[in-house]
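Below is one structure, written out as structure tokens, with a few remarks after it.
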Amino acid sequence: MKIKSTEFVISAATAEQFPKTDHAEIAFAGKSNVGKSTLINSMLNRKNLVKTSSTPGKTRLVNFFLINNAFSLVDLPGYGFAKVPPAMQKEWGKLIETYLSQRPFLKGVILIIDSRHGPTVNDLQMQEWLSHYPIPVLIIANKIDKLKRSQVVKHLKQIQTKMGLAELPIAHSSLKKVGREEIWKALHPWLS
Ligand SMILES: Nc1nc2c(ncn2[C@@H]2O[C@H](COP(=O)(O)OP(=O)(O)OP(=O)(O)O)[C@@H](O)[C@H]2O)c(=O)[nH]1
Ligand SMILES: [Mg+2]
């Protein structure tokens with residue numbers, strides 16, 4: 001994918017603030033700190049378009065980015081961070097649910113899993129939840145730079161089995177710049 005332009009559109013705290021658009025949209029979901037925001041930056045070859053943090057719970061709003069004036073990438077708040085008060089988690093959950101159920105041009109969701117630990121209970125819940133919507137889901141095994149080379153395939157296979165995937169998840173590392181092209185390739189049918 002040739003990135004010609006990237007533009008921050010809005011951080012939406014409520015569904016009313018979701019932009020009214022008629023172009024394709026792709027959302028990024030996953031637990032807090034799994035590297036959603038960093039993945040978007042790395043796919044766009046940008047360092048700081050999307051704010052990232054080593055402290056989980058950085059992204060609290062639904063952030064929309066317009067790419068090439070043609071489609072949007074949407075950074076969702078992370079789930080499953082124990083230090084976020086339950087009331088707030090519930091609020092984010094509702095916001096994510098509203099987002100997923102109300103976007104007519106949502107072409108697919110990228111669900112990001114930590115390759116070291118495999119899918120958490122929350123990840124599996126998210127997968128189950130997404131299966132009720134008519135939207136394709138792409139599973140990414142992230143931070144593979146943290147695994148020993150010899151362990152990568154084993155971890156990918158475990159994620160495949162636990163999530164019942166037809167194929168291995170895409171292995172990605174923002175740090176080592178691995179997997180980016182493969183992700184863009186997988187997104188191609190969603191964007192055309
Ligand atoms: N080693 C390694 N670290 C990464 C990678 N991707 C992200 N990180 C680090 O993981 C931390 C969290 O990254 P974010 O992109 O902010 O994570 P997030 O999923 O957006 O987190 P929330 O916004 O809290 O939901 C940061 O310290 C990143 O530098 C990766 O591929 N490898
Ligand atoms: Mg984030």
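Counting starts at 1 for both ligands and their atoms, following the listed order. Positions are given from 1 along the sequence. The analysis underlying the following values was restricted to heavy atoms, covering all of them including side chains, and did not include hydrogens, waters or symmetry mates. What you are looking at is a predicted structure, and each value in this text was computed from that prediction instead of being measured.
Atoms of ligand 1 found under 4.0 Å from any heavy atom of Ser173, numbered from 1 in the order shown, are 31 (O). Counting atoms of ligand 1 from 1 in the listed order, those under 4.0 Å from a heavy atom of Gly35 are 7 (C), 13 (O), 14 (P), 15 (O), 17 (O), 18 (P), 19 (O). In the vicinity of Gly78, heavy-atom distances shorter than 4.0 Å reach the ligand 1 atoms 25 (O). Taking a cut-off of under 4.0 Å to the non-hydrogen atoms of Ser37, the atoms of ligand 1 that pass are 15 (O), 20 (O). Ligand 1 places these atoms under 4.0 Å from at least one heavy atom of Thr38: 6 (N), 7 (C), 13 (O), 14 (P), 15 (O), 28 (C). For ligand 1, the atoms closer than 4.0 angstrom to any heavy atom of Val34 are 19 (O).
Looking at Asp145 next to ligand 1, an N or O pair under 3.5 Å apart turns up.
If you look at Ser53 next to ligand 1, the close heavy atoms, those under 4.0 Å, all belong to the backbone. The parts of Asn33 lying near ligand 1 are both backbone and side chain, judged by heavy-atom distances below 4.0 Å. If you look at Lys146 next to ligand 1, the close heavy atoms, those under 4.0 Å, all belong to the side chain.
Heavy atoms from other residues, nucleotides or ligands lying under 6.0 Å from NE2 of His132 number more than 12.
Considering every non-hydrogen atom in both Ser53 and Asn33, the closest pair reads O-OD1, 3.4 Å. Leu95 and Ala13 make their closest contact through CD1-O, 3.5 Å (heavy atoms, listed as atom of the first residue, atom of the second, distance).
Between the side chains of Thr120 and Asp123, at least one donor N or O lies within less than 3.5 Å of an accepting N or O. Side-chain contact of Gln151 with Lys154: a donor-acceptor pair under 3.5 Å is present, judged by distance alone. Between the side chains of Arg180 and Ser42, no donor-acceptor pair of N or O atoms lies under 3.5 Å. No hydrogens or angles considered: a donor-acceptor pair under 3.5 Å links the side chains of Asp75 and Ser37.
Taking the side chain as every heavy atom from C-beta outward, Gln160 and Pro169 approach each other to under 4.5 Å.
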What verdict does the side chain to side chain contact (heavy atoms under 4.5 Å, CB included) test give for Ile112 and Lys31, after you've listed the backbone C-alpha separation in whole Å, the side-chain angles of each residue and the deciding distance to 0.1 Å?
CA-CA 8 Å; Ile112 305 158; Lys31 69 173 182 178; over 6 Å; no
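Closest protein heavy atom to atom 8 (N) of ligand 1: Lys143 CE, 3.7 Å. For atom 19 (O) of ligand 1, the nearest non-hydrogen atom of the protein is Lys36 NZ, 2.7 Å. Here the heavy atom of the protein found nearest to atom 27 (O) of ligand 1 is Ser54 CA, 3.3 Å. Looking only at protein heavy atoms, the nearest one to atom 24 (O) of ligand 1 is Gly57 N, 2.7 Å. Here the protein heavy atom with the shortest distance to atom 31 (O) of ligand 1 is Ser174 N, 2.8 Å.
The Mg ion (ligand 2) does not have Ser32 among its coordinating residues (no N/O/S atom, backbone or side chain, under 2.8 Å).
Using cut-offs of 30° and 60° on the angle between ring planes, the pair Trp184 and Phe71 is perpendicular.
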